[in-house]
Amino acid sequence: PASRLPGFPAKSHGVQTVAVQGIKFAPDQAPGKGMIEVTDSIRLPENEIQLDFIRASGPGGQNINKVSSAVQLRFDAAKSSALSEEVRTRLKQISGHRMTADGILIIKAQRHRTQDRNREDAIERLVALIRQAAEKPRPRRPTKPSRAAKQKRLSSKRHRGETKRRRRSVPSATEDA
């Protein structure tokens, strides 16, 4: 049929796993052995990414129960040969609940109406996460508050204490007698 996407079966029931298409290949790699270029030093092998097509949640009209347009991307960061240990550690911190205890990063993309756009969106989000993890954080340089800042803080504390002291009720002379 004309409505069929190339490389996909005519009927899609449940979850399908396919190879990543329409990605930026590294110049030294053939399209059959695709590499997704994340940074100059990090290239993800295409076979380390698993894409599953699932039904999207939310409104969808007539096709809601027929078309699996949402994409669930799975990337096993724990076993990936492309990531160094420090990038892997930072990726785990950045990804939060999207990474399982086994080190598998799961990204669900369902912003768009088509499988292709959702596939591209999921890959772009994975690449953005890995790029963010690849950046080394600047080391924190400990600082001390200046003498003026300390004096200002203490004077404001004295001022607040004085204000609260004035709010207290003063015992009247008739109660003592």
Side-chain angles (χ1 to χ4, degrees), residues 15 23-24 36-44 48-61 63-65 67-177:
V15 177
I23 57 174
K24 183 178 177 184
I36 300 171
E37 194 169 330
V38 179
T39 64
D40 292 336
S41 59
I42 299 175
R43 291 188 168 103
L44 297 178
E48 289 187 3
I49 295 174
Q50 177 186 350
L51 293 174
D52 299 325
F53 296 98
I54 55 177
R55 294 197 177 119
S57 64
N63 288 331
I64 190 68
N65 293 322
V67 180
S68 298
S69 60
V71 174
Q72 189 178 50
L73 181 145
R74 290 175 169 270
F75 173 65
D76 195 348
K79 296 178 183 172
S80 177
S81 59
L83 302 179
S84 67
E85 196 57 45
E86 61 183 34
V87 171
R88 195 174 288 127
T89 304
R90 283 195 294 266
L91 182 64
K92 189 171 187 171
Q93 291 173 344
I94 292 169
S95 59
H97 70 278
R98 290 174 285 196
M99 188 173 282
T100 65
D102 300 331
I104 298 173
L105 182 65
I106 300 172
I107 296 174
K108 186 176 179 183
Q110 60 180 11
R111 294 179 194 165
H112 305 287
R113 293 177 68 121
T114 64
Q115 261 186 10
D116 288 335
R117 299 259 319 262
N118 282 328
R119 180 190 306 122
E120 291 169 12
D121 182 40
I123 294 171
E124 286 170 11
R125 285 165 48 194
L126 173 68
V127 168
L129 267 175
I130 295 173
R131 277 190 187 138
Q132 188 180 354
E135 290 178 19
K136 290 185 179 177
R138 290 188 325 193
R140 181 188 177 277
R141 297 177 66 198
T143 58
K144 289 184 178 179
S146 66
R147 183 179 291 153
K150 286 180 187 177
Q151 288 175 346
K152 185 177 176 184
R153 180 180 63 85
L154 292 174
S155 78
S156 72
K157 280 181 76 164
R158 270 195 292 294
H159 182 71
R160 276 193 307 273
E162 186 64 30
T163 304
K164 290 182 176 189
R165 189 185 62 75
R166 281 194 223 120
R167 288 184 194 147
R168 291 188 201 141
S169 62
V170 178
S172 61
T174 55
E175 290 178 12
D176 290 339

T114 side chain to R117 backbone, donor-acceptor under 3.5 Å: yes

Any F75 side-chain heavy atom under 4.5 Å of L129 side chain: no

Pairwise distance CD(E48) to CG(L83) - rounded to 0.5 angstrom: 7.5 Å

CD on E162 to NZ on K157, rounded to 0.5 Å: 15.0 Å

L126 CG to R98 CZ distance, which is reported to the nearest 0.5 Å: 10.0 Å

Residue pairs passing the side-chain hydrogen bond (donor to acceptor under 3.5 Å, both in side chains) test where at least one lies in residues 123-150, sequence neighbours excluded: D121-R125

Smallest separation among heavy atoms of S80 and L44, with atom names: OG-CD2, 4.4 Å

From S84 atom OG to I42 atom CD1, the distance as rounded to the nearest 0.5 Å: 6.5 Å

Electrostatic pair E85-R88, nearest N-O below 4.0 angstrom: yes

Euclidean distance, Q110 CD relative to I54 CD1, rounded to 0.5 Å: 7.0 Å

Within 6.0 Å of NZ in K92, more than 12 heavy atoms from elsewhere: no

Donor-acceptor under 3.5 Å (T163 side chain, H159 main chain): yes

Test item: Q115 and N118 side chains (from C-beta on) under 4.5 Å apart, heavy atoms: no

Nearest heavy-atom neighbours spanning V87 and A134: CG2-CA, 4.0 Å

M99 and its side chain to side chain contact (heavy atoms under 4.5 Å, CB included) partner, picked from I106, L105, I104: L105

Reported CD1-to-CD1 distance for the pair I123 and I107, which is rounded to 0.5 angstrom: 10.0 Å

Heavy-atom side-chain proximity of R167 to K164 below 4.5 angstrom: yes

